[in-house]
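Just below is one structure, and these are the notes that go with it.
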Amino acid sequence: MIQKLILLYYSGLRLTNTYNFLHKNNTIPIDSTLYKTGQLPKNFQIAGFAHNENATVAYIRSTVDPYVVNTLKDSHEKQQYEDFWKIVTYNYGDSTATKDYAPVVDIVDKFETGKTKGHRIVYFALPPDIFANTSAALKSTLLSKTGWTRLVIEKPFGRDSESSKELSDALKSQGWTEDQIYRIDHYLGKEMVQNILPIRFGNNQLEPTWNRQYIANVEILFKEPFGTQGRGKYFEKYGIIRDVVQNHLLQVLTLVAMERPDTLSASDIRGQKLKLLQSMANLKVSDVVLGQYVGNPKGVGEAQKGYTDDKDVPKNSTTSTFSVVVLHIDNDRWKGVPFFIRSGKATDESRVEVRVQYKPLDKDLFGGQSKRDMTIFRIQPNEAVYQKFNVKRPVYYEIYSLGNAYLPDAYERLLMDVLNGIQSNFVGTDELAEAWRVFTPALHAIDDAQEMPHEYVFGAQTFKEADDLEAKYGLIRQNN
Ligand code: BG6
């Protein structure tokens, strides 16, 4: 039985997620098996720790309240929310300095008194430059002597192969083992992303045609209708490829393309993902198109502002906020099938999808009118799987939809996995190294060239150069 939970967080945002996680799983008994079987922690404590000396629990609460208060349905839920804040403490300090942990260690010791086992989850949302010294400081201060200690690590896991390896090596040399490390990629906690393997391997329909004989191309599409929203300082250092492509969208791609694992164990799933990545060629610069949004004079509010209007972004910034990259997998199943990852901020809509386009019919009985059929996994909004068929009149068939069913937040699911020691939905060290290997040469070439990305207007659906790259590899856009 878990007796303690310690979460070190870096911003109020994470605590919002943490509250939702704890809150929902304590109050929604219906579909939480963990709740029913009593596996959720009964005794826990959240010890916040960050560099902000002005923050207090009351301040943090004031940043969380606006997201939660209106969702509390009755006095019971309100009381639970109050109770939640009683287990939260906050201390500030330098996370790399062992002496600064003294107040946290004190809280932990007091809480542990009289209990036989103390399990600890340490949640890192840290900039990479203080990462290794923080994990070292923790090792000598907060490692549990009576139970397990698990590190949950938020991205960025470095910014290229070398820096990522440094972080992974630092953890290893400090004695953290692979089974203690949970690199969180919240896309792996999304309902539809978690459904890719069950839909592929739990049915007979897709797998026989899920290969180069039938599939022309696969596009992972990510669009957001908002810009960098005041995160210019962070974004300027990373850009869209490091922000969402090398991690979230590549993870989705590996689930779409990997071979069937022997079992659903973490090692079998991660092993197949790793194999897939190993057969992926390095991204070539000629297979990349980049864009940066400019303000739309006719837009409303934020839409009038371009990326470089952010006060933390230099006017001559060459950082991209939109990209199309083409990846190639050299294995029997996928040789010759291009995988596009198209991602953009400040576009016309919110949409994340996997779009699998089949090859044209060998022989079209219908006077050449048949379009290419497609399988589409819509990750968000409104999770669904669609098949696009040619029928007498073109229609979409929706074969999977949860309607209004309650879907846990990605972080809720993933934190549950951490509690239960399930690692299949976390990114392993080898896998991370391969994911960076694919992107690093192109990212370095792009960083060095300092070329201006193509301009696109806030709210644009796409732009010509982005479409041209996909068209070059045979993507046919069909509007039906
Ligand atoms: C984050 C990126 O990791 O993922 C953001 O830093 C991006 O830039 C976000 O907006 C997208 O996540 P979601 O769950 O909102 O699709």
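Counting convention: from 1, in listed order, for ligands and their atoms alike.
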So the atoms of ligand 1 within less than 4.0 Å of a heavy atom of His186 turn out to be 3 (O), 4 (O), 12 (O), 13 (P), 14 (O)
Decide salt bridge (charged side-chain N to carboxylate O under 4.0 Å, His left out) for Asp348 and Lys223; before the verdict, give the C-alpha distance in whole Å, the side-chain angles of both, and the deciding distance to 0.1 Å.
CA-CA 8 Å; Asp348 60 330; Lys223 295 205 280 178; 3.0 Å; yes
Ion pair present between Asp467 and Arg342, side-chain N to carboxylate O less than 4.0 angstrom?
yes
For Gln180 and Thr149, the nearest pair of non-hydrogen atoms, with its separation, is NE2-O, 3.4 Å
Can you list the atoms of ligand 1 that are under 4.0 Å from a heavy atom of Lys155?
1 (C), 2 (C), 3 (O), 6 (O)
Write out all pairs satisfying salt bridge (Lys or Arg N to Asp or Glu O under 4.0 Å) with one or both partners inside residues 424-443, taking only residues at least two apart or from two chains.
Lys273-Glu431, Glu434-Arg437
Would you please name every residue forming a ring pair (Phe, Tyr, Trp, His ring centres under 6.0 Å) with His328, sequence neighbours left out?
Tyr473
Which of the atoms of ligand 1 are close to His248, meaning less than 4.0 Å from one of its heavy atoms?
1 (C), 3 (O), 4 (O)
For Gln380, take its heavy atoms, then give the atoms of ligand 1 lying under 4.0 Å from any of them.
13 (P), 16 (O)
Which of the numbered atoms in ligand 1 are below 4.0 angstrom from a heavy atom of Lys190?
13 (P), 14 (O), 16 (O)
Using 30° and 60° as the class boundaries, would you call the ring planes of Tyr187 and Phe222 parallel, tilted or perpendicular?
tilted
Need the ligand 1 atom indices (1-based, order shown) with element for anything under 4.0 Å from a heavy-atom of Lys345.
5 (C), 7 (C), 8 (O), 10 (O)
Just jot down the ligand 1 atoms closer than 4.0 angstrom to any heavy atom of Asp243, in number order.
2 (C), 5 (C), 6 (O), 8 (O)
Of all the non-hydrogen atoms in the protein, which one sits nearest to atom 7 (C) of ligand 1, and at what distance?
Glu224 OE2, 3.4 Å
Is it true that the NZ or CZ of Lys165 lies under 6.0 Å from the centre of Trp436's six-membered ring and within 45 degrees of the ring axis?
no
I'd like to know if Tyr187 contacts ligand 1, where contact means a heavy-atom distance under 4.0 Å to any ligand atom.
yes
